[in-house]
Amino acid sequence: MKTEFNWDDTRVFLAIARAGTLSGAAEAMSIGVATISRRLDRLEQSLSVPLFSRHQSGYRLTDDGEALLERAEALEYASLAFGETANLQGNVAGLVRLATSDNLATHFILPSLKGILDTYPDLRVEVLSGVQSVNLHRRDADMAIRMVKPEIGNLTLKRLGTVGFGVYGAKTYLDEMGGVPAGLALSNAQYVGWSESHQHLPAARWVTKMLRGRPCRVEANTLVAQVSAVASGLGLGVLPHFMARASGLQCVQPDTGADQTLWLVMHSDLAGSRRVRAVADHLIALFDKHKDHLMLP
């Protein structure tokens, strides 16, 4: 007989997916390993699919598990939101520290804060931007917006949207090249790219492929600096559409395959906090409103 589905077992599923081991999940949930194992078995029986493959190094998601992960995260988010809805107004107070990039802080987040701070006068927001990545487990920040999805840790995640990237150049540089280049002409251009420490990024890999062994004319470790360099006519750059558009740059190629998903990440222990929940809901609504602006040229 098929076991009845217990939605609370999705918490165990998420804990194992994030920790990678039963012991890590048990520690995160403050319950025994045997209980974790029993509830995972119950969940897999109720769904009639294996969610993890067992390895010496730990537990890895199966294809079925990967397919259900985002749904489980949505359940987690909905349950937290449900618990916080009552009496939210008038109880939102204190400091929320948000880590994000300079470009998102400048173009989207900071200009939007007046509305939420007017609604909750006792709420304060500290925006931490820069190159250094914060550690949510050390509580360097309460939440972060990241372009790389964290795979481990006691974290709550919410997909905010996608940042679209294209190849852009300044009119002065494009005129030097004889107009907007296309096809093979792109491989002959000079490029503004990422420094060595950021070569794992999709945009950096695209530029490396296009250069075919040639070095970039200019390298920088922030998008703000790259936009400035491209705007100065130093070469082409693979840039977010919204930043390049705001700087008056011309799109040479709108699709590079370098688009990146934005994730709102919170430590799970803080996800139920009224102050954190209020800021999270504000950010979710903000990025949903601007999803086309972020994605499209």
Side-chain angles (χ1 to χ4, degrees), residues 98-115 127 129-131 144-148 159-183 185-195 198 201-211 216-264 282-297:
L98 168 66
T100 186
S101 61
D102 285 333
N103 48 297
L104 292 177
T106 301
H107 290 273
F108 291 101
I109 296 169
L110 289 170
S112 77
L113 290 181
K114 187 176 187 305
V127 177
S129 61
V131 178
I145 297 176
R146 291 179 173 165
M147 287 190 178
V148 177
R159 187 181 183 278
L160 289 178
T162 301
V163 176
F165 282 72
V167 182
Y168 283 85
K171 184 179 184 304
T172 53
Y173 181 71
L174 295 177
D175 287 345
E176 288 178 20
M177 294 186 67
V180 176
L186 286 176
S187 63
N188 299 323
Q190 297 286 351
Y191 281 89
V192 174
W194 287 98
S195 56
H198 290 72
L201 296 175
R205 292 199 297 266
W206 190 94
V207 171
T208 298
K209 180 180 178 181
M210 190 60 60
L211 287 171
C216 284
R217 174 183 276 182
V218 176
E219 295 178 346
N221 63 357
T222 69
L223 284 170
V224 171
Q226 289 183 33
V227 169
S228 177
V230 172
S232 298
L234 297 178
L236 302 179
V238 180
L239 304 171
H241 294 307
F242 76 90
M243 292 183 69
R245 187 169 51 235
S247 297
L249 300 176
Q250 294 187 26
C251 187
V252 175
Q253 183 168 313
D255 185 12
T256 61
D259 297 354
Q260 290 193 267
T261 301
L262 291 176
W263 296 95
L264 178 62
H282 171 76
L283 293 173
I284 291 167
L286 174 68
F287 280 89
D288 182 66
K289 177 182 178 181
H290 292 285
K291 59 185 177 183
D292 289 342
H293 185 68
L294 282 167
M295 178 67 184
L296 302 176

Trainee: On a heavy-atom basis, which atom in L186 and which in M210 lie closest, and how many Å separate them?
Mentor: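 In terms of heavy atoms, the two residues are closest at O-CG, 3.7 Å.
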Trainee: Give me each pair satisfying side-chain hydrogen bond (donor to acceptor under 3.5 Å, both in side chains) with a member in residues 223-232, each pair once, sequence neighbours excluded.
Mentor: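 side-chain hydrogen bond (donor to acceptor under 3.5 Å, both in side chains) check on residues 223-232 returns no pairs.
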Trainee: Answer yes if the side chains of S129 and D102 hold a donor-acceptor pair under 3.5 Å, and no otherwise.
Mentor: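 Yes, a side-chain donor-acceptor pair sits under 3.5 Å.
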Trainee: For the atom pair OG (S101) and CE (M147), what is the distance rounded to the nearest 0.5 Å?
Mentor: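 Here the interatomic distance stands at 5.5 Å.
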Trainee: Just wondering, do Y168 and H241 contact through their side chains at under 4.5 Å, heavy atoms?
Mentor: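 H241 reaches Y168 side chain to side chain.
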Trainee: Residues two or more places apart in sequence or in another chain: which of them pass ring-ring contact (aromatic ring centres under 6.0 Å, His included) with H282?
Mentor: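 Testing H282 for ring-ring contact (aromatic ring centres under 6.0 Å, His included), a comparison that skips the adjacent residues, returns none.
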Trainee: Checking T106 side chain against N103 main chain: does a donor-acceptor pair fall under 3.5 Å?
Mentor: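 Answer holds: no.
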Trainee: Find out whether H198 and N221 are in side-chain contact, i.e. whether some heavy atom of one side chain is under 4.5 Å from a heavy atom of the other.
Mentor: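 With C-beta onward as the side chain, the pair touches.
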Trainee: Can you name the nearest heavy-atom pair linking G233 to T172, along with the distance?
Mentor: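 In this case the closest contact between G233 and T172 is CA-OG1, 4.0 Å.
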Trainee: Rounded at 0.5 Å granularity, tell me how far CG in L286 sits from NZ in K291.
Mentor: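 Output value for this atom pair is 13.0 Å.
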Trainee: So how far is it from R217 CZ to Y191 OH, rounded to the nearest 0.5 Å?
Mentor: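 Answer for the CZ-OH pair, R217 versus Y191, is 12.5 Å.
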Trainee: Starting from the C-alpha separation in whole Å, work towards a yes-or-no answer on side-chain contact (heavy atoms from CB on, under 4.5 Å) for L294 and T162.
Mentor: CA-CA 7 Å; L294 282 167; T162 301; over 6 Å; no
Trainee: Are L236 and V192 packed together at the side-chain level, in the sense that at least one heavy-atom pair is separated by less than 4.5 angstrom?
Mentor: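 No, too far: nothing below the 4.5 Å cut-off.
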Trainee: Looking at every heavy atom in both A220 and A225, which two are closest together, and how far apart are they?
Mentor: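 That would be CB-CB, 3.7 Å.
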Trainee: Which heavy-atom pair separates A170 from V230 by the least distance, and what is that distance?
Mentor: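 For A170 and V230, the tightest heavy-atom pair comes out as CB-O, 3.3 Å.
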Trainee: Provide the closest heavy-atom pair for R245 versus P297 in the form atom of the first, atom of the second, distance.
Mentor: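 Nearest heavy atoms, R245 then P297: NH1-C, 3.1 Å.
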Trainee: Looking at D255 and G257, would you say the former's side chain and the latter's main chain have a donor-acceptor pair under 3.5 Å?
Mentor: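 Yes, D255 side chain to G257 backbone: donor-acceptor pair under 3.5 Å.
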Trainee: Report yes if the side chains of L262 and R159 come closer than 4.5 Å at any heavy-atom pair, otherwise no.
Mentor: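 A side-chain contact under 4.5 Å is absent here.
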Trainee: Without swapping roles, check the side chain of T256 against the backbone of A258 for a donor-acceptor pair under 3.5 Å.
Mentor: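 Indeed, once roles are kept as given, a pair shorter than 3.5 Å links the two residues.
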Trainee: Decide yes or no for W206 and K209: does some side-chain heavy atom of the first lie under 4.5 Å from some side-chain heavy atom of the second?
Mentor: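 No, side chains not in contact.
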Trainee: Which atom names give the shortest non-hydrogen contact between V163 and P240, and what distance separates them?
Mentor: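 That would be CG1-CB, 3.8 Å.
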Trainee: Just do the side-chain contact (heavy atoms from CB on, under 4.5 Å) check on T100 and R146 with the steps written out, would you?
Mentor: CA-CA 7 Å; T100 186; R146 291 179 173 165; over 6 Å; no
Trainee: List in chain and number order the residues that pass ring-ring contact (aromatic ring centres under 6.0 Å, His included) with F242, two or more places apart in sequence or in another chain; answer none if no residue qualifies.
Mentor: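 F242 satisfies ring-ring contact (aromatic ring centres under 6.0 Å, His included) with H107, F108 once adjacent residues are dropped.
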Trainee: Using side-chain heavy atoms (C-beta onward) and a distance below 4.5 Å, is I145 in contact with L104?
Mentor: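 Yes, close enough: below the 4.5 Å cut-off.
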Trainee: Any side-chain heavy atom of L98 within less than 4.5 Å of one from L283?
Mentor: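 Side chain of L98 against side chain of L283, heavy atoms only: contact under 4.5 Å found.
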Trainee: If you round to the nearest 0.5 Å, how far is CD of Q190 from CE of M177?
Mentor: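 So the gap between those two atoms works out to 9.0 Å.
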Trainee: Just so I know, are the side chains of W194 and L223 near enough to count as touching, which here means a heavy-atom distance under 4.5 Å?
Mentor: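 In contact.
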